[in-house]
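Take a look at the structure below.
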Amino acid sequence: MNIHEYQAKQILARFGVPVPRGESASNPYEVYDIAARLGGKVAVKAQIHAGGRGKGGGIKLAASPEEAEEIARAMIGMTLVTRQTGSAGRVVRRVLVEEALPIKKEFYLGILVDRASRRPVIVASPAGGMDIEQVAAETPGLIFREFVDPRVGLQPYARKKLAFHLGLAGSLLSETTRILGALYRVFEENDASLVEINPLLLTESGALCALDAKIVLDDNALYRHRELQALRDFEEEEPLEIQASRLGVNYIRLDGNIGCMVNGAGLAMATMDIIKIAGGNPANFLDIGGGASSDQIRNAFRLLLSDANVKTVLINIFGGIVRCDLVAQGVVEAMREVEAAIPVVVRLEGTNVEEGRRMLLDSGFAFTVADGMKDAAEKVVALAG
Amino acid sequence: MTILLDENTRLAVQGITGREGSFHARQCLEYGTKVVAGITPGKGGTKFDGIPVFNTVEEAVAAEGVTATLIFVPAAYGADAILEAAAAAVPLIICITEGIPTLDMTRAMALITESGSRLIGPNCPGVISPGKCKAGIMPGGIFREGHVGVVSRSGTLTYEAVNELSLRGIGQSTCIGIGGDPVIGTRFVDALELFEGDPDTHAVVLVGEIGGTDEEEAARYIREKMTKPVVGFIAGRTAPPGRRMGHAGAIVSGGKGTAAEKMEMLEQSGVRVVSSPTDIGAAMAQLLNAS
């Protein structure tokens with residue numbers, strides 16, 4: 001789960017990581033008040049779940065509360081397009097107003113799970129404030145990594161090593177190691193999959209401060225963090241994807257016109273691929289899971305049809321544990337309920353396949369029954385036109 | 001010979017009295033697997049379809065000589081169930097459970113790598129040595145005994161691949177679903193090593209997907225060590241970056257872990273890479289005829 005910058009900074013502050021003084025607001029008058037309290041010189045930052053805000057016009061500096069209010073008036077409600085939002089962009093509903101700090105130097109700190117070593121890894125770089133992937137590609141010598149044994153956590157020696165790599169020795173050594181320790185606790189105690197500070201700022205007065213922050217939480221661990229569940233922002237999510245998560249199915253909306261309903265994530269991806277190879281464009285990724293009931297299939301199918309872009313549907317089920325007759329029953333019921341005149345290509349394989357196919361053909365709806373994945377993809381692409 | 005499982009495997013099922021556990025324990029029994037014990041804390045001393053149920057894995061191992069365990073417990077207890085099995089020195093631990101928190105798995109893996117146990121999964125369909133033993137949730141009917149090893153990160157896509165093989169009369173030695181999570185116990189390289197060392201496996205099918213670098217590691221191993229022919233498929237060529245495609249591990253992030261990258265590396269390592277799972281059977285038939 002993604003959370004906003006202002007929420008991430010509240011968590012960081014709670015664990016003792018210094019962040020700029022600031023508050024979030026959804027109204028320009030509030031922004032004026034906050035800016036006035038902070039002394040007038042502030043940064044106004046659009047709160048959306050996507051990076052690249054600076055270049056897209058989502059981060060602006062104001063010299064006075066009046067200017068801050070004016071910036072906020074333009075920013076709140078605007079559709080912000082960045083390299084991470086896609087062309088549709090995101091509507092800005094909230095801004096973070098923070099004191100503007102004089103920058104002396106910028107650093108990068110990140111913690112994530114390294115899949116290769118199967119351990120958390122701290123990534124640190126003295127080249128902060130830039131796209132870290134670009135730094136890694138162009139100047140790999142400026143990226144330092146410390147792998148952590150999760151049973152003992154980030155030990156003091158490892159924190160010191162990182163601090164020296166960053167050139168934060170001398171009077172800043174103890175503050176740097178303290179921040180690294182706090183950051184690891186943020187990662188561990190919130191079950192994060194990513195904690196990132198970019199940049200960590202060294203101010204003219206010699207203080208360290210997290211100027212920007214990003215935290216991604218592990219969805220699988222949210223059950224044990226009630227307080228973090230409340231940070232979910234439904235406005236940032238695709239409505240159909242919210243519905244899908246309630247139904248317990250995996251759905252991701254894409255921009256094509258061929259709706260796909262598949263059991264299993266791998267097969268769902270392969271189905272999208274084969275549609276593309278056949279010259280079509282998938283409207284979605286939809287994995288109904290391994291043990292889907294006919295009810296769940298009915299709901300998932302209705303969900304898929306509520307996307308107005310969908311012109312045809314491909315159902316690809318390899319029924320091992322899911323019985324094909326139950327799939328057929330769910331699909332037929334959904335077709336009856338929505339009274340859809342949409343052409344549907346069905347490919348069924350596995351347990352009770354004959355019964356499932358017969359139910360589809362006897363239903364009175366114009367199902368096209370396909371023989372194998374390739375055939376199904378070609379048929380559905382032809383129907384999509 | 002097969003790898004991991006054979007007719008002598010003595011399987012325990014952790015969570016045997018739950019909905020999933022009971023259904024699949026019966027399916028495994030029906031396939032001919034020697035399911036010798038069930039574990040459900042608090043139900044020790046009872047029976048499940050004639051199978052003795054124990055409170056702990058340790059008791060099950062002592063009483064029934066368990067050699068492998070299949071885990072169906074809820075995600076919140078998944079890592080604990082894995083560690084319990086490892087503490088009881090069960091050589092093979094197969095975890096079907098989906099949704100285990102990643103940090104739980106990093107801690108569990110740190111202990112597993114120091115134990116003598118091998119972990120398959122989590123979030124996987126399990127392992128099957130056709131005709132001998134099934135320890136997983138795959139539909140037994142589509143598999144045939146034979147000499148092709150199959151290793152895959154996905155469930156139903158494995159069935160698709162196996163079906164393509166079986167329809168052409170190409171049987172399988174062992175099929176391993178390694179799982180779709182970012183942190184898993186057995187990775188492609190580990191499975192390939194086992195297949196390379198198994199005289200009854202003549203060729204291998206590798207089914208990968210976007211995310212991570214396990215396929216790249218596999219490509220390196222194949223290039224440097226593998227003597228047996230490999231057919232490969234990678235799912236997710238059309239997946240948008242930054243989105244998790246169902247599996248927690250299937251995500252293209254920071255331009256890394258793309259299908260194109262993986263396909264290219266496998267191809268350069270001599271793998272016969274196919275663009276559709278429906279071509280796996282034909283490609284394997286060709287490779288086997290040529291060798």
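Chain identifiers are assigned alphabetically (A, B, ...) following the order of the sequence lines, protein sequences preceding nucleic acid strands; residue numbering begins at 1 within each chain.
- At most 12 heavy atoms of other shown residues, nucleotides or ligands fall within 6.0 angstrom of atom CZ in A:R226.
- Comparing A:T271, A:V262, A:I252, A:I274 by heavy-atom pairs within less than 4.5 Å of chain B, the highest count is held by A:I252.
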Working for side-chain hydrogen bond (donor to acceptor under 3.5 Å, both in side chains), residues A:Y223 and A:Q229:
CA-CA 8 Å; A:Y223 73 89; A:Q229 291 167 21; over 6 Å; no
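- The environment of CZ in A:R145 is sparse: at most 12 heavy-atom neighbours from other residues, nucleotides or ligands sit within 6.0 Å.
- Between chain A and the options B:G246, B:P101, B:S154, the largest number of non-hydrogen pairs under 4.5 Å is found for B:P101.
- With a 4.5 Å cut-off on non-hydrogen atoms, A:A268 does not touch chain B at all.
- Heavy atoms of A:D191 lying under 4.5 Å from chain B belong to its backbone as well as its side chain.
- Classification of the B:Y159-B:F143 ring pair by plane angle, with boundaries at 30° and 60°, yields perpendicular.
- Top candidate by heavy-atom pairs under 4.5 Å with chain A, chosen from B:T113, B:L103, B:I184, is B:L103.
- Proximity to chain B (any heavy atom under 4.5 Å) is shown, for A:N220, by both the backbone and the side chain.
- Proximity to chain B (any heavy atom under 4.5 Å) is restricted, for A:E241, to the side chain, taken from C-beta onward.
- Heavy atoms closer than 4.5 Å to chain B are found in both the backbone and the side chain of A:D273.
- By number of non-hydrogen pairs under 4.5 angstrom with chain B, the leading residue of A:Q84, A:R119, A:R224 is A:R224.
- For the 3.5 Å distance criterion, the side chains of B:N123 and B:D181 qualify, holding a donor opposite an acceptor.
- Of the listed residues (B:M105, B:E209, B:R243, B:H247), the greatest number of heavy-atom pairs within a distance under 4.5 Å of chain A belongs to B:R243.
- When heavy atoms are compared at a cutoff of 4.5 Å, A:E188 approaches chain B by way of both its backbone and its side chain.
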For A:N316 and A:L267: C-alpha separation, side-chain torsions, deciding distance, then whether side chain to side chain contact (heavy atoms under 4.5 Å, CB included) applies.
CA-CA 8 Å; A:N316 184 17; A:L267 189 59; 4.0 Å; yes
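- With a 4.5 Å cut-off on non-hydrogen atoms, A:L286 does not touch chain B at all.
- Among pairs with a residue in residues 182-191 of chain B, those fulfilling side chain to side chain donor-acceptor pair (under 3.5 Å) read B:R118-B:T186, at least two apart in sequence or across chains.
- Annotation: residues 76-84 of chain B contacts chain A through B:A76 [non-hydrogen atoms, separation under 4.5 Å].
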